[in-house]
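Report on the structure given below.
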Amino acid sequence: MRRFSLLAALLTLPLAGALAPSASAARTATLPAFESCSELVRFGRAAAVRPPVPMRATGAGFYGIGSLILPRAIRPEPKPVPPGQLPPDGIAVPVSAMPSTSPEAFDAVDDVQATEEFSGTNVQEDGIDEPDAIKTDGKRLFVVVGAELWAYDVTGAAPKLLSKLSLEGAGGEILLFGDRVLVLGPQPAAAAVGSRTQTADTPGAVAPVPVSLPAPSVTDAMVVAPQEQTTRLAEVDARNPAAMKIVRTMAVPGTVVSARLTRGSIRVVMSSPAALPGAATASAAATRSGAAPKPTMRTFVPRTTLRSRRTKRTFRRYLVPCDNVRHPVAISGSDLLTILTVDFKDGLFNVDRDAVMAGAQVVYASASSLYVASTRAIEIDAPADIPRKMVTEIHRFDTTKDGETSYLGSGTVPGFALDQYALSEHGGDLRVATTEVPNWLPGAERVESQSHVTVLRPAGPGAAPLRQIGQVSGLGPGEQIYATRFIDDRAY
């Protein structure tokens, strides 16, 4: 039972001035943007010809997501709440929402929580809301039940059901601000975008794909075809909760990693794997030999479809402009990490779009920044190419302007971050708890797992790399982190 000893003991690390700078600082960067769509396609084709394969082993074997093999946390999957637990004339479940829908409330959350008689979503940072299946403003309560959005009046002695709105096969989670609700869920099968298909029972996240690995050589069997999925964002007018209506919908190829609501601006972080032609059947060898069709612009940057229920018009455009896409200097995969910024004053009609050609696994937001952790991909042609260590890239975005998001810089930490609670900003510095796992392929050098707490600091004001200023290593040899909490200047 050795692997549980780190979980059983409370590990407290003082972080104020106790972290000594590392002897070799982590590699940092400010990623350049593509200057043209043709440059983006050339970069993406190079990644597709020699697909990078980041991996790690878990207790359940190897797992792949999309065209890459990515870390998968060892924890139980959440179980959906059966609709039958929600009685038609009332609801006996915890209330979940921001304390208020006014912009001022986001600047004084503690004061609001002290006076309001309802609770909010269990969020990581005060004033920054996170998606959930249920939200309230203290007077109205909205809850996703199956493929419907239910509205309740909660001003009386008992909740009163006001209406049910069909989400047309797309359930998921919601965010509430004022009289608008944004629903994030899978796209219904009948309305799939282009050639990307979606079944009604597809879960909200890409399911892990078991990979059969031959030993000891690295073969085409290790390249896993992406599981294509389309996400649907639905903007709901809830001014009259007894007669809710969908105003606009946007179909976005890819999956929602997470989202955050700050001062009326929602930032939805999407992960869209490259739609390589024939990826489901073609091997890597066929792609290299040219037998498979050549990737095009839509291979790497899919199109979104916006439908307005008010004007009855449909708008199609690329997910993000090419010059808004950042990329690493070295090829690190062809997935697209996109941040869609929705200003609730405009709704889905006007969305700010920014992207990095990288994967996306963990999202954390502070009052002024949004961070996305991405496991770096690597090229493997033979066991000799297997690295001794894996690293995670962290991309920082500025969220100080309502309705806008802009890239600021990137940094790296060793290993992988378990979840959003493994990241925390304090005094302008980002603290990250990670675990390095043993090498995961036959023929690789065997090393023991360990965990780290690393502190990254922007190299300067504005757009600047994240540089390592301190690190504690060697935590829990042979084990991994199962939970992390940062409180003020300590890590638990």
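Hydrogens, waters and symmetry mates play no part in the numbers below; they use all other heavy atoms, side chains included.
- A side-chain donor from one of Tyr364 and Glu125 sits under 3.5 Å from a side-chain acceptor of the other.
- A cation-pi contact links Arg303 to Tyr318, judged by a cut-off of 6.0 Å to the six-membered ring centre and 45° from its axis.
- Thr230 and Gln187 share no side-chain donor-acceptor pair at under 3.5 Å.
- Of the possible polar contacts, none joining the Thr30 side chain to the Gly409 backbone as a donor-acceptor pair under 3.5 Å is found.
- Using a 30° and 60° split on the angle between ring planes, Tyr407 and His395 fall in the tilted class, from 30° to 60°.
- Partners of Arg457 by side-chain hydrogen bond (donor to acceptor under 3.5 Å, both in side chains), not counting sequence neighbours, listed by chain and number: Asp429.
- With sequence neighbours left out, Lys345 forms a salt bridge (charged side-chain N to carboxylate O under 4.0 Å, His left out) with Asp343.
- Shown here are the side chain to side chain contact (heavy atoms under 4.5 Å, CB included) partners of Val342, two or more places apart in sequence or in another chain: Ile266, Leu348, Val351.
- Taking the side-chain hydrogen bond (donor to acceptor under 3.5 Å, both in side chains) definition, one finds that Thr484 meets it with nothing, sequence neighbours left out.
- Ring pair Phe34/Phe43 is perpendicular by interplanar angle, where above 60° counts as perpendicular and below 30° as parallel.
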Please tabulate, for side-chain N and O atoms in residues 240-251, each donor-acceptor pair with protein atoms closer than 3.5 Å (sequence neighbours left out).
from	atom 1	to	atom 2	distance (Å)
Asn240	OD1	Ala242	N	3.1
Arg248	NH1	Glu235	OE1	3.0
Arg248	NH1	Glu235	OE2	3.1

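- The side-chain tip of Arg140 does not point at the ring of Tyr152 from less than 6.0 angstrom away and within 45° of straight on.
- For Glu425 and Arg431, the salt-bridge test fails: no basic side-chain N is under 4.0 Å from an acidic carboxylate O.
- Exactly one of Thr400, Thr341, Asn324 qualifies for a side-chain hydrogen bond (donor to acceptor under 3.5 Å, both in side chains) with Thr405. That residue is Thr341.
- A side-chain donor-acceptor contact under 3.5 Å links Gln361 and Thr375.
- Under the side-chain hydrogen bond (donor to acceptor under 3.5 Å, both in side chains) criterion, Ser368 pairs with no residue at all, not counting sequence neighbours.
- Taking Asp402 as the reference, Arg263 meet the salt bridge (charged side-chain N to carboxylate O under 4.0 Å, His left out) condition, with sequence neighbours excluded.
- By the salt bridge (charged side-chain N to carboxylate O under 4.0 Å, His left out) test, Arg396 pairs with no residue at all, sequence neighbours left out.
- Here the closest non-hydrogen pair linking Leu370 and Arg260 is CD1-CG, 4.2 Å.
- Heavy atoms only, all atoms of each residue included: Ala360 and Leu337 are closest at CB-CG, 3.7 Å.
- Scored by the salt bridge (charged side-chain N to carboxylate O under 4.0 Å, His left out) test, Asp398 finds no partners at all (sequence neighbours excluded).
- Of all heavy-atom pairs between Leu161 and Trp150, the closest is CD1-CB, 4.1 Å.
- Of the listed residues (Val320, Val252, Thr231), just one forms a side-chain contact (heavy atoms from CB on, under 4.5 Å) with Thr304, and that residue is Val252.
- Side-chain N/O atoms of Gln124 and Arg485 include no donor and acceptor closer than 3.5 Å.
- Residue pairs meeting the side chain to side chain donor-acceptor pair (under 3.5 Å) criterion with at least one member in residues 34-44, sequence neighbours excluded: Ser36-Ser38.
- Annotation: the span from Thr305 atom OG1 to Phe315 atom CZ amounts to 12.0 Å, rounded to 0.5 Å.
- Judged purely by atom type and a 3.5 angstrom limit, Arg307 has no side-chain atom pairing as donor or acceptor with the backbone of Thr314.
- If you take OG on Ser334 and NE2 on His327, they are separated by 14.5 Å, rounding to the nearest 0.5 Å.
- Applying the salt bridge (Lys or Arg N to Asp or Glu O under 4.0 Å) definition to pairs two or more places apart or across chains, none involves residues 348-367.
- Formation of a donor-acceptor pair under 3.5 Å by the Thr262 side chain with backbone atoms of Ser265 is not found in this model.
- Of all the heavy atoms in Leu423 and Ala417, the pair that sits closest is CD1-CB, 4.0 Å.
- In this structure, the side-chain hydrogen bond (donor to acceptor under 3.5 Å, both in side chains) partners of Arg239, at least two apart in sequence or on a different chain, are Asp237.
- Rounding to the nearest 0.5 angstrom, the gap separating the OG1 atom in Thr399 from the CD1 atom in Ile128 is 7.0 Å.
- Put simply, CD1 on Ile174 and CG on Leu184 are 9.5 Å apart, with the number rounded to the nearest 0.5 Å.
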